[in-house]
Each structure stands twice: as C-alpha cells, then as structure tokens.
Amino acid sequence: MTTSGQPRTQWLGRWGFILAATGSAVGLGNIWKFPYITGEFGGGAFVLVYLACIFAVGVPVMMTEIAFGRRGQGSPVDAIRRVVNESGRASAWSLVGWMAMLCGFMVLSFYVVVAGWSFSYLWKMLTGGLAGSSVDDMAAVFGANNANPLTLGFWSTLVTLLTMLIVGKGVQKGIEKSVSWMMPGLVVMLVVLIGFGMFSGGFGDAVSFLFSFNAGSLSSEGLLAALGHAFFTLSLASGAILTYGSYLPKGASIGRTTVSVAVADTVVALMAGLAIFPVIFANGMNPGEGPGLIFMSLPLAFQAMPLGTLFGILFFLMLSMAALTSAISMVEATVSWLCDNKGLSRPAASWGTGIVLWLISTLAMLSFNLGADWTLAGKTFFDWLDYLTSRWMMPLGGLGMVVLAGFILKSDTFRDELGLAPLPYALWLTMVRYVSPLGIVVIFVDALGVYQVSFAAHWPWLLGILVAMAALGETLSPRLRHALRTS
Ligand code: PHE
C-alpha cells in the first residue's frame, strides 16, 4: 500500500516482471562493460570467477532482494524498514536501502554518458560518420566524439531526458512491451556478429581468451572487479530489482524468476564476448583497451561485413534501447520513494530527480574532455562513480541484505515470501548464510590487502574451504533443521 491507501501497481504477472527485470539486467553492463573489463583483467580466469559470483552470490542476493521488495511493498528504504520491523528489528537497517537508492542514482550518473556514446554511434551509423578502416581511425573517431563537451553533453542530456520521460509515465506502460521485442532483436544482432567473427580469423583466439581458465592469473583487483560486475550486471543492491520486486504479484515464484533473469543476462554477456573479441584479435587490437573497446572494434566489423551498415544501425539501436531499459530501472527506486513519502506525483518526482541527475552526469561527462585532469588517485569523476558503486557499494549492500535475511530476521519471513520447496529453500539459506557473505568478505579483505597472501592465487583452496564451511554450517544450523522440519 502507498501512503494514499492505493494498492501498489503490479506487473502483468510473472512474465511482465521477468521482462522488466531482464530489461534492467541486460544493458551496457553486458555489452560494453563485460568485454572491456574481461580484456583488462586478462580473460579466462576473470570470466570463471565472474560466473561463480553470478551463481553463488548474484542469484541468492537477487532472490533476497525480490523477496524484500514484495514483502515490504515499497522503495528499498521503506520496504527494508517494514520487513525489518516485522521481525522486531531496528529501523536503522533501512540504511541498506538508503545506500541502494544512492547507488542506483550514482550508477545512472555515469551510465547516461555511456548510453550517450551508444546513441551517438547510432547517429554516426545512420549518417555515415564512421568512415575509416583501421583501428587507429576508430580510436580517432572515439576520441573526437569525446573531445567536445557540447556534443557529448547533448547525447547524455538526451538519454537523461528520455529516461525521465519514460519513468514519469509510470511503471508498466512501455517497459514490458519494449523489452519483449528488443531483447530477441539484440540476441539476433549478436548472433550475426558472432557468425561474422567466425570467419574473421580471430575466433579461435577469442574463444581461448575467454574460456581458458588458468587459475592464479587473476589479481586481487580482478577478483573484486568480477564480484562487483556480477552485482552490476544483475542490477543488484542498487534499488532496481528490489523496487521492481515490489510490483511482483504475490503468487509468482521468485526462485524460477530469478534463475531466468540470471541465465538470460549471462548468455547475453558471453555472446557479447564472443561477438567482440574475434574482431579485436583479427585486427591486432589490445583487449585491455579500456572503456572505448566496443566502440573502437565493432564499427570495423560492420564495415567489413555484407549489409554492415544496416546491421550496425540495428545493433546500436538495440544497444541504446537496452541501455534505456536499464537506465529507467536505476531511478525507479528514488522516484517511487519520492511518490510514496513526499506526496509528489510521478511526473514531478521524476523531473525533480532528473534535474539533479543531469547536474551530476554532466560532471561525469566532463571527465572525457574539460575535466580529464580533475583526478583523485588517478581516477576521474566518471571512474570514481563506477569504482565506488560496483566495487564497493553494491557488494556491501548485498552483504547487508543476505546477513539480514540469513541471520537477523525471523526465518518465517523469507520462507513464506520465497515459497520454495524444502530442498531449494535449504540451498538458498546455505547460500545467504555462508557462501555469499563469506565470498564477499573474502574478496573485500583480499582487495584491501590486509593480508600479504593473495587470495586470488589460492582461490581453488578457498572455494574448497567455503564449501566445507557451508556444509558444516548447514549440519549445525538449528534454524535450518527447524525450517526443514516444519516445511
Ligand atoms: N544491469 C545493468 C547493465 O548490465 C546496469 C544496472 C546497474 C541497472 C544497476 C540497474 C541497476 O547494464
């Protein structure tokens, strides 16, 4: 219920939620960020840890988040406070919700800049502005695109406007429908690119780069990046999934829903890797090129393939749409909080949010031109927004939620809300009590460099210890035995 006593709006069933949550999860994180950080951290080992983080941390956290949202019927702050109060615990735990809301907002502040790149490349494709045939030409195009704050600012402002326009119009209209054609469209474009990559001469190198899992080659920073990216790509701990969960009808299965979203998201990311790296290796590019990676490589592929311009236009159109369906989910928490607590109408809440967003995102945009030297510890404002949110705030928020669900709140709360059969429930509980929190803490401790040994080099051992501890915890846990007996 909102403060006005109206029942909250709901998705059109479980399917509507899956579409919206997939729309949120699949975005620039899969197609822009996953390839470039995989390149930066050296490939296979990073991919393996990322996959482990998706399934051992991401899936349980996502289930917990959806359950919080549906149980608490509100924005992250309100929902968490209600659920915590229901168990007689302190409202101060809603700090986890505040952090999530802030995090979604911070992510959007730099996301609109990257989405702006995508829109500007769509425009270039349409108007023939992507001429050039070498990696250097493409790097020059990317550089020129960033150099002028007015043009770059135009594109990020456009994305901000579109996002706030859609959010202002309400949750259901548009979102579900656009995802249902955009997502298959995106997959088709990736298939075309992968097909092209197979004949480009770089496919073999790409496959072995992505899937040769040599353990030990990953730095502590890479480990933290893999964990952070699992959160980022699934839209976790940033208000998006929790708020969407509050619109999920009661009867829908949270477990199955989560698995569908996580699998779809992972498939798209791996496909993006298979689409992009062949082009990179065939053209002798450096996979660790950084944030410009896809913008410097893909146009080369489109130029070389038959009907390339058409495919290029479609690709950047889909990518821009995918970015928008993610962007709208990032402010949904803030907007719904403003509506529920400050009595604002949806349009007023979203335009208000949009103005603040525009100011911060403009600063982030300037990191690529005027503000390129405004750095702190070698990072620009844009870099800091990305670094703080995905490496620290998201895993920390996720940790807060699993600790709440696993240890602090009454066990009935989540058993009721998740509605799982005994075995899957036991699995979820083991994950949220042991595997996810320990995984997050170990990676944090490693990244902080508190100990001299690098956990990254010893991860197979650590994985074994985690599993053993989970098994031990499970046999000793009275809560679990109680849960199994009474379910
Ligand atoms: N998951 C989105 C992507 O991969 C990004 C996102 C982060 C969306 C946080 C919502 C919240 O592009």
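In each ligand, atom 1 is the first atom listed, and ligand 1 is the first ligand listed. Position 1 is the first residue of the sequence; numbering continues from there.
- A search for side chain to side chain donor-acceptor pair (under 3.5 Å) contacts involving Trp32 returns nothing, not counting sequence neighbours.
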Applying side-chain hydrogen bond (donor to acceptor under 3.5 Å, both in side chains) to Ser336 and Thr243, what does each step give before you reach the verdict?
CA-CA 8 Å; Ser336 90; Thr243 312; 4.9 Å; no
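- Glu417 meets the salt bridge (Lys or Arg N to Asp or Glu O under 4.0 Å) test with Arg70, Arg71, Lys250; sequence neighbours excluded.
- Atom CH2 in Trp358 sits 14.5 Å away from atom CE in Met164 (nearest 0.5 Å).
- Trp351 CH2: more than 12 foreign heavy atoms inside a 6.0 Å radius.
- Residues passing the side-chain contact (heavy atoms from CB on, under 4.5 Å) test with Phe154: none are found, sequence neighbours excluded.
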Quick check for students: name every N or O atom pair between ligand 1 and the protein closer than 3.5 Å, with distances.
from, atom 1, to, atom 2, distance (Å)
ligand 1, 1 (N), Ser24, O, 3.3
ligand 1, 1 (N), Ala25, O, 3.0
ligand 1, 1 (N), Phe232, O, 2.8
ligand 1, 1 (N), Thr233, O, 3.1
ligand 1, 1 (N), Ser235, OG, 3.0
ligand 1, 4 (O), Ala25, O, 2.9
ligand 1, 4 (O), Gly29, N, 3.3
ligand 1, 4 (O), Asn30, OD1, 3.3
ligand 1, 12 (O), Leu28, N, 3.1
ligand 1, 12 (O), Gly29, N, 2.8
ligand 1, 12 (O), Tyr111, OH, 2.5

